[in-house]
Amino acid sequence: MAKYFHGCEAGQAISRGDSGCWSFQAAGAVPDIGRPSDDPVVIQKGKKQGDPFVITVNCPDKAGLGCDICWVILDFGLYIVKGDFTTDGIWCYIVIWVFPYSTSPTVRWSNIKERLLAVCPTFSVSAYLNETPPKPEASPVYLLTFCSTGRKGLLNDVTRVLCELELMIQRVKVTTTPDGRVLDLFFITDNLELLHTKKRKDDACDKLLAVLGESCTSVDICSAGYKIDSVPPLSSLSQTAAAEIFRSELSENEERSQALSPDVKKLKHATVMIDNSLSPAHSLLQINCVDHKGFLYDIMRILKDFDIQIAYGRFSPVNKGNRDLDLFIRQRDGLKIVSVEKQEEVISRLKLEMLHPLRVMITNRGPDTELVVANPVELSGRGRPMVFYDTTLALKVLGICVFSAEIGRHSAENGEWEVYRFLLEENCRYKLGSMVVKNQIVDKVRRTLMGW
């Protein structure tokens, strides 16, 4: 096992590879957030221009810590170049090399450190005994309301500001009035837990007004009257649309709609194996598949849902568009995964997520054209970050306006899903009734979500 943990130079230049993109300007002039020390979280710039940033986490272990860390990194729009993980079940040491995606909102590295510190457990008896920590109290939900003149890209511009302010979108209702004005209702939570203060509210409203400009007639933030653990469900999808988007495998229709993207065909060649011959105490999980945005988060999320612990791991850089991941794992009881049935269940779930991490389809909603995007929700109830932002960015690039948008939850036989529904406006550039145009929209949205 020693070969998986030989030393790595933080300043080693990493090439872009065949997948993903990043921007050094996205972070601006970033000072060193920390230097090698006893801090639980240290963030360092590369030794020279073009080198990745290095995030080091050194803290007590807890169930699902790797998933939580990868969620934060994805939420800030960072691309993981490579990573190393090691833990004895009591204490963990994680090193991750990252770049900001070029399409990501402005990265504030000090905020990333604060968010990572928030998910790291402090030393306690429960951490020492590897007990599941108590579930954090649900965050209050706030209602952001604004009214302005509609324009292309407005929804994405507002979403970018909310991301930079660390305001999480839980639900959204976007409506366009007959006179062309837009009334948007955003149900949001505050990662900083400060939105109850006047200063935080005023700061958010000022930044939104700066983006919306003179066309905005009103911006207001108030309590929505409930907490995040009681988010209302999504209005019902048609049976046809639900059967299509929540199925366990790509349908023939969706395979045809994804034919524009060669990367999707590569997804079908994902390799997932569990080997119990190399270690007396751990099972070796080996994964090889095409790279995509949130790749490591998707794997960590599944392992967290299965209550599987990682003892050692290595996440290699992209090689010809593919990723290699080696993880020495064990069950929560400390034993290897020897049950063939359990192995097949884990492998099947991982392959499905590599093949189909996000669902994208175009359907009809009465006389209108609707874009539907869905992603699995963690057993803890947490959804995937950046989906709304990336989807609206893709529509903005295509020049397609959104007439109405909605975010909600849907319970299916294979779990709970977060669903994003966008009613698209007809325009002279795109005839939305054309199957070719629908395929182009699905392809662009999917590629943006996958970071291709």
Side-chain angles (χ1 to χ4, degrees), residues 141-162 167-188 208 211-212 215-220 224 231-242 244-245 358-375 383 386-410 417-434 437-438 440-442 444-446 448-449:
V141 178
Y142 296 87
L143 175 61
L144 162 65
T145 307
F146 69 85
C147 185
S148 68
T149 303
R151 60 174 172 81
K152 294 178 181 178
L154 174 64
L155 198 54
N156 181 255
D157 293 342
V158 172
T159 304
R160 174 181 282 267
V161 173
L162 296 180
L167 297 174
M168 296 291 297
I169 300 172
Q170 304 300 332
R171 296 181 69 231
V172 62
K173 293 286 290 185
V174 178
T175 56
T176 304
T177 61
D179 62 356
R181 297 194 67 78
V182 175
L183 176 63
D184 288 1
L185 306 176
F186 284 81
F187 296 84
I188 56 178
L208 285 166
V211 170
L212 297 171
S215 64
C216 180
T217 57
S218 65
V219 176
D220 182 60
V231 176
L234 183 79
S235 58
S236 61
L237 289 165
S238 69
Q239 289 185 351
T240 303
E244 177 83 8
I245 201 164
L358 292 143
R359 315 292 174 91
V360 184
M361 69 176 294
I362 291 279
T363 185
N364 293 325
R365 190 173 179 181
D368 300 313
T369 301
E370 182 177 52
L371 170 69
V372 182
V373 179
N375 59 264
M386 297 296 287
V387 176
F388 191 81
Y389 174 82
D390 285 339
T391 302
T392 55
L393 175 62
L395 295 175
K396 177 181 179 179
V397 172
L398 290 171
I400 296 176
C401 290
V402 176
F403 179 77
S404 175
E406 182 182 3
I407 304 175
R409 297 291 174 91
H410 177 86
W417 295 78
E418 198 161 48
V419 184
Y420 304 76
R421 304 173 68 176
F422 303 86
L423 286 181
L424 308 180
E425 285 189 0
E426 291 278 0
N427 58 41
C428 58
R429 181 178 177 185
Y430 292 101
K431 301 300 180 183
L432 297 180
S434 165
V437 171
K438 290 180 179 180
Q440 289 176 346
I441 295 172
V442 169
K444 178 61 178 178
V445 171
R446 184 180 178 87
T448 303
L449 289 166

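When a residue number appears, it is its place in the shown sequence, counting from 1. Note that these values count all heavy atoms, side chains included, but never hydrogens, waters or copies made by symmetry.
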Subject >> Under 3.5 Å donor-acceptor, Ser404 side chain and Leu423 backbone >> reply: no
**OP:** Start with the C-alpha distance between Tyr420 and Val372, add both sets of side-chain angles, then the distance that settles side chain to side chain contact (heavy atoms under 4.5 Å, CB included), and finish with yes or no.
**Re:** CA-CA 6 Å; Tyr420 304 76; Val372 182; over 6 Å; no
Subject >> Sole residue of Thr159, Val445, Val360 in side-chain contact (heavy atoms from CB on, under 4.5 Å) with Thr391 >> reply: Val445
**OP:** Decide yes or no on side chain to side chain contact (heavy atoms under 4.5 Å, CB included) for Leu449 and Asn375, but give the supporting numbers first.
**Re:** CA-CA 11 Å; Leu449 289 166; Asn375 59 264; over 6 Å; no
Output the distance between atom [atom1] ([X]) and atom [atom2] ([Y]), rounded to the nearest 0.5 Å.
X: Leu208; Y: Asp220; atom1: CG; atom2: CG; answer: 11.5 Å
X: Ser218; Y: Leu183; atom1: OG; atom2: CG; answer: 7.5 Å
X: Asn364; Y: Thr369; atom1: CG; atom2: OG1; answer: 5.5 Å
X: Arg359; Y: Glu418; atom1: CZ; atom2: CD; answer: 14.5 Å
X: Met168; Y: Ile188; atom1: CE; atom2: CD1; answer: 11.0 Å
X: Asp184; Y: Phe186; atom1: CG; atom2: CZ; answer: 5.0 Å

Original post:
So, for Ser148 and Cys216, which heavy atoms are closest and what is the spacing to 0.1 Å?
Top reply: CB-CA, 3.7 Å
**OP:** Write down the atom of Leu358, the atom of Arg446, and the distance for their closest heavy-atom approach.
**Re:** O-NH1, 3.2 Å
**OP:** Return each pair, listed once, that meets salt bridge (Lys or Arg N to Asp or Glu O under 4.0 Å) where at least one residue sits in residues 387-405; pairs must be two or more places apart or across chains.
**Re:** Asp157-Lys396, Lys293-Asp390
**OP:** Determine, step by step, whether Ile441 and Leu395 satisfy the side chain to side chain contact (heavy atoms under 4.5 Å, CB included) criterion, reporting the C-alpha distance in whole Å, the side-chain angles of both residues, the deciding distance to 0.1 Å, and the verdict.
**Re:** CA-CA 8 Å; Ile441 295 172; Leu395 295 175; 4.3 Å; yes
Original post:
After noting the C-alpha distance and the side-chain angles of Phe146 and Val158, does the key distance pass the side chain to side chain contact (heavy atoms under 4.5 Å, CB included) rule?
Top reply: CA-CA 10 Å; Phe146 69 85; Val158 172; 3.7 Å; yes
Original post:
Does Lys444 have any side chain to side chain donor-acceptor pair (under 3.5 Å) partners at least two apart in sequence or in another chain, and if so, which?
Top reply: none
Subject >> Side-chain heavy-atom pair Ile362, Leu424 within 4.5 angstrom cut-off >> reply: yes
Original post:
Less than 4.5 Å apart, any side-chain heavy atom of Leu144 and any of Val219?
Top reply: yes
Subject >> Partner residues of Phe422 under the ring pair (Phe, Tyr, Trp, His ring centres under 6.0 Å) criterion, sequence neighbours left out >> reply: Phe388
